[in-house]
Amino acid sequence: MSKLMEYISSQCGNPRGIVGKVCCMVMNKMNQAMYKRTVSLVDVEPGGRVLDIGYGNGYLLRALDQKKNLNLYGVDISNDMRLAATKRNRKAAAEGRLHLSVGDCCDLIFKDETFAAVTSINTIYFWSDTVKGLSEIRRVLKPKACFYNVVYKKEYLDTLKFTKSGFKKFEPMTLVELGRQAGFRKIRVKTIVKGKSYVVIYKK
């Protein structure tokens, strides 16, 4: 694997600087079907709290907020992305509805049963401990609330040069089993783009 591909892979997991911003814009275009499906699935009352894991430049948060005004929360490893996401969601920020932090989903700062929904698009590949991350998300979800974990299929990721290292790739049933280990009992898998992407819905 070339140094360039390794660098791009690292930017996917931790976007930073100008290259990180460009990578996020590219991912915004690649992930359109994922964003649309996630927005259609998340059903939260206006003013409800939604947490996005790995919010990047805030694209999904803005899309969710355009559907109905929400209290938007996010955790991302990159401070550069916190600044970019705040800029993209300036309306919610001005109204005191945007709460972005820099941190690790395996060690969430929030109290138990805080969120009406949790989302994540293409971040689980980079978590240090998958079961711990899922357990933390389950802890902060309200009863009967859902975590929408949106990912590309392993077969599709294998076709991309920059995913050869730094990515944990999962089969759908593996993510189901890891969710059960984290305490989720109601888990569904839905196709987004056949042969390319899907969403695992974990209900508390």
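Hydrogens, waters and symmetry mates play no part in the numbers below; they use all other heavy atoms, side chains included. Numbers for residues simply follow the sequence, beginning at 1.
- Applying the side-chain contact (heavy atoms from CB on, under 4.5 Å) rule to Thr114 yields the partners Arg49, Phe110, Lys111; only residues at least two apart in sequence or on another chain are considered.
- For the pair Val50/Tyr73, no side-chain contact is recorded, criterion being any heavy-atom separation below 4.5 Å from C-beta on.
- Among all heavy-atom pairs drawn from Glu136 and Leu108, the shortest one is OE1-N, 2.8 Å.
- Annotation for Ile53 and Cys105: closest pair CG2-CB, 3.7 Å, computed over non-hydrogen atoms.
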Exercise. Carefully, step by step, assess Val150 and Tyr35 under the rule side-chain contact (heavy atoms from CB on, under 4.5 Å).
Key: CA-CA 9 Å; Val150 183; Tyr35 296 133; over 6 Å; no
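- A 4.5 Å side-chain heavy-atom check between Ser120 and Tyr148 finds every atom pair outside the cut-off.
- Although no hydrogens or angles enter the test, the distance criterion places no donor-acceptor pair under 3.5 Å between the side chain of Lys203 and the main chain of Arg185.
- Judged purely by distance below 3.5 Å, without hydrogens or angles, the side chains of Asp65 and Asn89 never pair a donor atom with an acceptor atom.
- Lys186 has its side chain out of reach of Lys144: every pair of non-hydrogen atoms, C-beta onward, lies at least 4.5 Å apart.
- Inter-residue side-chain proximity for Leu70 and Pro46 is flagged as unmet; no heavy-atom pair is nearer than 4.5 Å.
- Within 6.0 Å of the NZ atom in Lys68, the count of heavy atoms belonging to other residues, nucleotides or ligands exceeds 12.
- Remark: Thr123 OG1 to Tyr125 OH distance equals 8.5 Å, nearest 0.5 Å.
- Of all the heavy atoms in Ser128 and Cys106, the pair that sits closest is OG-SG, 3.7 Å.
- The side-chain hydrogen bond (donor to acceptor under 3.5 Å, both in side chains) test with Tyr152 singles out one residue from Asn122, Asp158, Asn31, and that residue is Asn31.
- Looking at heavy atoms from C-beta onward, Tyr156 lies out of side-chain contact with Ser197 at the 4.5 angstrom threshold.
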Practice problem: Go through Tyr198 and Val193 one step at a time and tell me if the side-chain contact (heavy atoms from CB on, under 4.5 Å) criterion holds. | Solution: CA-CA 7 Å; Tyr198 61 97; Val193 177; over 6 Å; no
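- No donor-acceptor pair closer than 3.5 Å links the side chain of Gln181 to the backbone N or O of Val131.
- When all heavy atoms of Gly179 and Tyr202 are compared, the pair lying nearest together is CA-CE2, 3.5 Å.
- A donor-acceptor pair under 3.5 Å links the side-chain atoms of Lys204 to the main chain of Leu141, judged by distance alone.
- Considering CG of Leu61 and CG of Leu98, their distance stands at 7.0 Å, rounded to 0.5 Å.
- Residues Asp76 and Arg82 are not paired through a salt bridge, judged by the lack of any N-O separation under 4.0 Å between the basic side chain and the carboxylate.
- Under the side-chain hydrogen bond (donor to acceptor under 3.5 Å, both in side chains) test applied with Thr119, the options Thr38, Asn149, Asp52 reduce to a single match, Asp52.
- For the atom pair CG (Asn69) and CG (Leu64), the distance works out to 12.0 Å, reported to the nearest 0.5 Å.
- Interatomic distance, Trp127 CH2 to Lys168 NZ, rounded to the nearest 0.5 Å: 10.0 Å.
- Between Lys67 and Val39, the shortest heavy-atom distance links the atoms NZ-O, 2.7 Å.
- A salt bridge between Glu95 and Lys91 is present, with a side-chain N of the basic residue lying under 4.0 Å from a carboxylate O of the acidic one.
- Counting heavy atoms from C-beta on, the side chains of Leu178 and Phe170 come closer than 4.5 Å.
- The salt bridge (charged side-chain N to carboxylate O under 4.0 Å, His left out) pairs that include a residue from residues 113-129 number zero, where partners must be two or more places apart or lie in different chains.
- A distance-only check finds a donor-acceptor pair linking the side chain of Ser101 to the backbone of Gly74 [under 3.5 Å].
- Val199 places none of its side-chain heavy atoms less than 4.5 Å from the side chain of Val189.
- With rounding to the nearest 0.5 Å, the separation of SG in Cys146 from CD1 in Ile137 is 12.5 Å.
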Self-check item: Step-by-step side-chain contact (heavy atoms from CB on, under 4.5 Å) determination, Leu51 to Leu72
Solution: CA-CA 6 Å; Leu51 171 66; Leu72 306 172; over 6 Å; no
Self-check item: From CA spacing to verdict: side-chain contact (heavy atoms from CB on, under 4.5 Å), Lys153, Lys196
Solution: CA-CA 5 Å; Lys153 292 178 68 69; Lys196 187 174 182 180; 5.6 Å; no
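- Using a 4.5 Å cut-off on side-chain heavy atoms (C-beta onward), Arg188 and Val200 make no contact.
- No more than 12 heavy atoms of other residues, nucleotides or ligands shown are found within 6.0 angstrom of NZ on Lys36.
- What you find for Lys154 and Glu171 is that their closest heavy atoms are CD-OE2, 3.6 Å.
- In this structure, Thr191 contributes its side chain and Lys194 its backbone to no donor-acceptor pair below 3.5 Å.
- Residue Leu83 is not grouped with residue Tyr59 when hydrophobic side chains (ILVMFWY) are merged at heavy-atom distances under 4.5 angstrom, including chains of intermediate members.
- Annotation: the span from Leu134 atom CG to Phe147 atom CZ amounts to 6.0 Å, rounded to 0.5 Å.
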